[in-house]
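Note that this is a predicted model, so its numbers are computed, not measured.
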Amino acid sequence: MSEQGTITWGDFEKVMLCAGTVQRVEPFPEARKPAWKLWVDFGPHGVRKTSAQIKDLYSPDDLVGRQIVGVINFPPKQVGPFVSEFLLTGFPTEEGVVVTAIERPVPNGTRLA
């Protein structure tokens with residue numbers, strides 16, 4: 001068992017991990033740590049925005065058009081002058097955060113199962 005303990009299937013079902021396509025990326029110079037602002041199309045869940053500290057490994061050209069995985073049912077979070085509407089998922093490494101990849105295209109809004 002991990003240090004976090006176990007969860008139930010019901011706990012997992014509460015987390016809306018969904019596929020979305022990055023539509024737009026802009027600089028976020030007001031952020032304390034280097035970050036991008038991203039707008040992502042989650043299909044039936046709409047276009048949502050977030051800030052992400054992924055500048056070490058990704059340029060806007062690397063991100064626009066890419067499908068990502070986001071948690072879309074967190075409450076909005078104020079990040080400086082910007083409101084983040086979802087959590088972009090990824091894996092921290094020594095080089096920077098590696099964005100969670102989708103192996104082949106799925107419809108925007110598809111939920112991880």
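- The closest donor-acceptor contact from the side chain of Glu13 to the backbone of Val15 lies at 3.5 Å or more, if one exists at all.
- Within the structure, salt bridge (charged side-chain N to carboxylate O under 4.0 Å, His left out) pairs that include any residue of residues 29-53 do not occur (at least two apart or interchain).
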Inset, instruction - Check the pair Trp36, Glu26 against side-chain contact (heavy atoms from CB on, under 4.5 Å), reporting the backbone distance first and the verdict last. - result: CA-CA 6 Å; Trp36 295 119; Glu26 293 182 1; over 6 Å; no

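- Listed here is the closest heavy atom pair of His45 and Ile72: CG-CD1, 3.5 Å.
- Minimum heavy-atom separation, Gly109 to Pro44: CA-CD, 4.1 Å.
- With rounding to the nearest 0.5 Å, the separation of CD1 in Ile68 from CG in Leu38 is 7.5 Å.
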Inset, instruction - I would like to know whether Ser84 and Ser51 meet side chain to side chain donor-acceptor pair (under 3.5 Å); could you show each step before the answer? - result: CA-CA 6 Å; Ser84 185; Ser51 66; 4.8 Å; no

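- With sequence neighbours left out, the salt bridge (Lys or Arg N to Asp or Glu O under 4.0 Å) criterion links Arg111 to no other residue.
- Both Val64 and Leu57 belong to a common hydrophobic cluster when Ile, Leu, Val, Met, Phe, Trp and Tyr are linked at side-chain heavy-atom distances under 4.5 angstrom.
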Can you give each donor-acceptor pair under 3.5 Å made by side-chain atoms of residues 86-94, sequence neighbours left out, with the distance rounded to 0.1 Å?
residue: Thr89; atom: OG1; partner: Val69; partner atom: O; Å: 2.8
residue: Thr89; atom: OG1; partner: Thr100; partner atom: OG1; Å: 2.8
residue: Thr93; atom: OG1; partner: Glu95; partner atom: N; Å: 3.2
residue: Thr93; atom: OG1; partner: Glu95; partner atom: OE1; Å: 3.4
residue: Thr93; atom: OG1; partner: Gly96; partner atom: N; Å: 3.2
residue: Thr93; atom: OG1; partner: Gly96; partner atom: O; Å: 2.5

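- With sequence neighbours excluded, no residue forms a ring pair (Phe, Tyr, Trp, His ring centres under 6.0 Å) with Phe74.
- Smallest separation of non-hydrogen atoms from Val47 and Gln23: CG2-OE1, 3.5 Å.
- Pro107 approaches Ala19 most closely through the heavy-atom pair O-CB, 4.3 Å.
- Annotation: the span from Met16 atom CE to Phe42 atom CZ amounts to 10.0 Å, rounded to 0.5 Å.
- At a threshold of 4.5 Å between side-chain heavy atoms, the hydrophobic network of Ile, Leu, Val, Met, Phe, Trp and Tyr places Val98 and Leu112 in two separate groups.
- Atom OG1 of Thr50 and atom NZ of Lys77 lie 9.0 Å apart (nearest 0.5 Å).
- Sequence neighbours left out, the pairs with a member in residues 7-31 that pass ring pair (Phe, Tyr, Trp, His ring centres under 6.0 Å) are Trp9-Phe12, Phe28-Phe82.
- Note on residues 59-71: pairs passing side chain to side chain donor-acceptor pair (under 3.5 Å), not counting sequence neighbours, are Ser59-Asp62, Gln67-Asn108.
- Once rounded to the nearest 0.5 Å, the distance linking OG1 of Thr8 with NZ of Lys14 reads 6.5 Å.
- In the hydrophobic cluster analysis, where Ile, Leu, Val, Met, Phe, Trp and Tyr join through side-chain heavy atoms closer than 4.5 angstrom, Val71 is grouped apart from Val99.
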